[in-house]
Amino acid sequence: MNESIFILKGNLVFSRSVEELEIREHSYLVCKDGLVEGIYETLPFEYGGYPVTDYGDSLIIPGLVDLHVHAPQYSYRGLGMDMELLEWLETNTFPEEAKFRDLEYARQAYSIFVENLKKSATTRACIFATVHRKGTLLLMDLLEESGLCTMVGKVNMDRNCPDYLRETDAEESATETVEWIKDVLHKKYQHTKPILTPRFTPSCTDELMEKLKMIQMRYELPLQSHLSENQSEIAWVKELCPWSEFYGDAYDKFGLFGVDCPTVMAHCVYSDERETARMKENGVFVAHCPESNMNLASGVAPVRKFLDEGVHVGLGSDVAGGSTESIFTAMSHAIQASKLRWRLFDDSLKPLTVEEVFYMATKGGGEFFGKVGSFEPGYELDAIVLDDTRLMHPQPLDVKKRLERLIYFSDDREIMAKYAAGVQIF
Ligand code: GUN
Ligand code: FE
């Protein structure tokens with residue numbers, strides 16, 4: 001018998017599109033060679049004899065995708081939120097990230113991060129490490145062991161940060177990056193991939209950006225960074241790159257904005273018509289990080305506009321701008337933030353719905369990883385099983401309403417089982 005087939009049974013919920021939530025109650029999800037083979041109300045004869053795990057009345061949904069999180073910042077999540085971005089980086093972020101030169105500290109801190117990410121609903125994540133090559137590799141070792149599917153970046157910074165963290169020059173930053181990539185290739189990880197990570201335009205000289213493009217082409221790597229998060233940051237980019245038409249153009253001029261370079265940009269709170277059009281044209285993904293945008297008083301991104309324009313959008317926790325790795329929390333924050341934006345600022349962009357944030361947290365962000373984030377045939381099987389019996393209620397609730405409550409107030413206690421790329425994590 002072919003051992004690579006297994007079957008999960010429960011209330012299956014997944015997105016077909018941004019508007020369409022599909023609910024298949026008490027159905028069988030057949031997984032073959034790590035991929036979804038099909039969904040059935042009655043198990044077809046040919047699958048008789050393969051193992052079935054019956055999760056009863058639990059909900060089974062695609063694993064959640066965190067398109068933007070900083071692993072070294074997990075140590076101070078929930079602390080020091082009384083500043084805006086640039087002051088926050090200098091005061092909280094850079095001193096903490098400097099500690100990751102020490103591999104013992106890095107092991108201790110990253111172990112806590114990975115342990116908690118493993119317990120969470122997240123199966124996929126795009127992760128920033130620090131500038132340190134060895135520490136980044138250590139984080140990747142821990143993630144590989146966890147079974148999660150991640151893209152991890154050694155951060156590049158050769159200007160505008162304290163001496164104790166800055167890489168000497170573009171040359172050193174590029175050399176360290178290539179050494180790190182070679183180390184990663186040597187490790188032959190199964191589900192932990194490298195992603196180029198220029199921190200943001202203010203931290204990277206033009207010379208470094210040019211070198212990163214060469215590296216990007218040589219090793220065919222994707223890229224993650226920050227974009228249009230805060231108004232002082234945007235003004236600074238205009239000063240640093242007077243030749244750029246808008247912030248995103250400062251990446252695009254170096255070939256680091258989507259075209260031939262799968263790219264995810266965090267925030268995009270102030271992306272205007274031109275920047276949005278360029279993201280659409282180049283296939284850039286937006287990582288919407290609502291909690292971070294509230295904590296650092298950055299603002300609220302025009303997510304409905306991105307969705308209407310057909311820009312790829314996923315959700316990010318952006319720890320430690322965000323306080324939690326929970327993408328369920330990011331979903332509810334995305335809805336709440338969109339309501340405030342609509343009420344207080346721009347009533348032309350209607351608030352986000354449960355269907356829309358669920359899509360962003362699964363299939364929307366999942367697309368950055370390929371066919372990920374849905375239970376349609378051919379998708380990689382990422383799934384979490386949610387038992388909501390602890391969240392008691394006196395009235396009958398349908399599956400859609402149960403999902404809504406899980407989004408607003410479940411925590412890791414509801415997660416009974418987790419699968420990433422067809423492998424059971426717990
Ligand atoms: N922009 C540059 N670096 C960072 C960071 O660490 N967090 C956030 N939220 N924005 C950034
Ligand atoms: Fe960030």
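One-based numbering, in listed order, for ligands and for the atoms of each. The figures here come from the full heavy-atom set of this structure, side chains too, leaving out hydrogens, waters and symmetry mates.
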Legend entry - Atom CG of Asp260 with >12 non-hydrogen neighbours under 6.0 angstrom: no
Legend entry - Stepwise salt bridge (Lys or Arg N to Asp or Glu O under 4.0 Å) check, Asp57 with Arg402: CA-CA 11 Å; Asp57 199 34; Arg402 289 168 60 194; 3.2 Å; yes
Inset, instruction - Please examine the side chains of Glu84 and Asn230, heavy atoms only from C-beta on, and report whether any two atoms are closer than 4.5 Å. - result: yes
Inset, instruction - Kindly identify the option in Glu229, His70, His267 whose heavy atom sits closest to atom 10 (N) of ligand 1. - result: Glu229
Inset, instruction - May I ask you to check if ligand 1 and Glu233 share an N or O to N or O distance below 3.5 Å? - result: no
Legend entry - Min N/O separation Trp88 to ligand 1 under 3.5 Å: no
Legend entry - Arg77 NZ/CZ over Tyr74 ring centroid, <6.0 Å and within 45° of normal: yes
Legend entry - Distance filter under 2.8 Å, centred on the Fe ion (ligand 2) - protein N, O or S atoms that pass it: His68 NE2, His70 NE2, His226 NE2, Asp318 OD1
Inset, instruction - Among all protein heavy atoms, pick out the one at the shortest distance from atom 3 (N) of ligand 1; state its residue, atom name and that distance to 0.1 Å. - result: Arg199 NE, 2.8 Å
Inset, instruction - Determine the sole option in Glu229, Met294, His226, His267 for which the side chain to side chain contact (heavy atoms under 4.5 Å, CB included) test with Cys289 is passed. - result: His267
Inset, instruction - Report, in ascending order of atom number, the atoms of ligand 1 lying under 4.0 Å from any heavy atom of Asp318. - result: 8 (C), 9 (N)
Inset, instruction - Take atom CD of Glu90 as the centre, draw a 6.0 Å sphere, and report whether it contains more than 12 heavy atoms from other residues, nucleotides or ligands. - result: yes
Inset, instruction - Give the numbers and elements of all ligand 1 atoms closer than 4.0 Å to a heavy atom of Gln73. - result: 5 (C), 6 (O)
Inset, instruction - Going by the side chain to side chain contact (heavy atoms under 4.5 Å, CB included) test, name the single residue among Asp411, Val114, Asp412 that passes it with Lys119. - result: Asp412
Inset, instruction - Please name all residues satisfying side-chain contact (heavy atoms from CB on, under 4.5 Å) with Ser75, sequence neighbours left out, ordered by chain then number. - result: Glu96, Tyr105
Inset, instruction - Take atom CD of Gln108 as the centre, draw a 6.0 Å sphere, and report whether it contains more than 12 heavy atoms from other residues, nucleotides or ligands. - result: no
Legend entry - Candidate with minimal heavy-atom separation from atom 4 (C) of ligand 1, of His226, Glu97, Met157, His68: His226
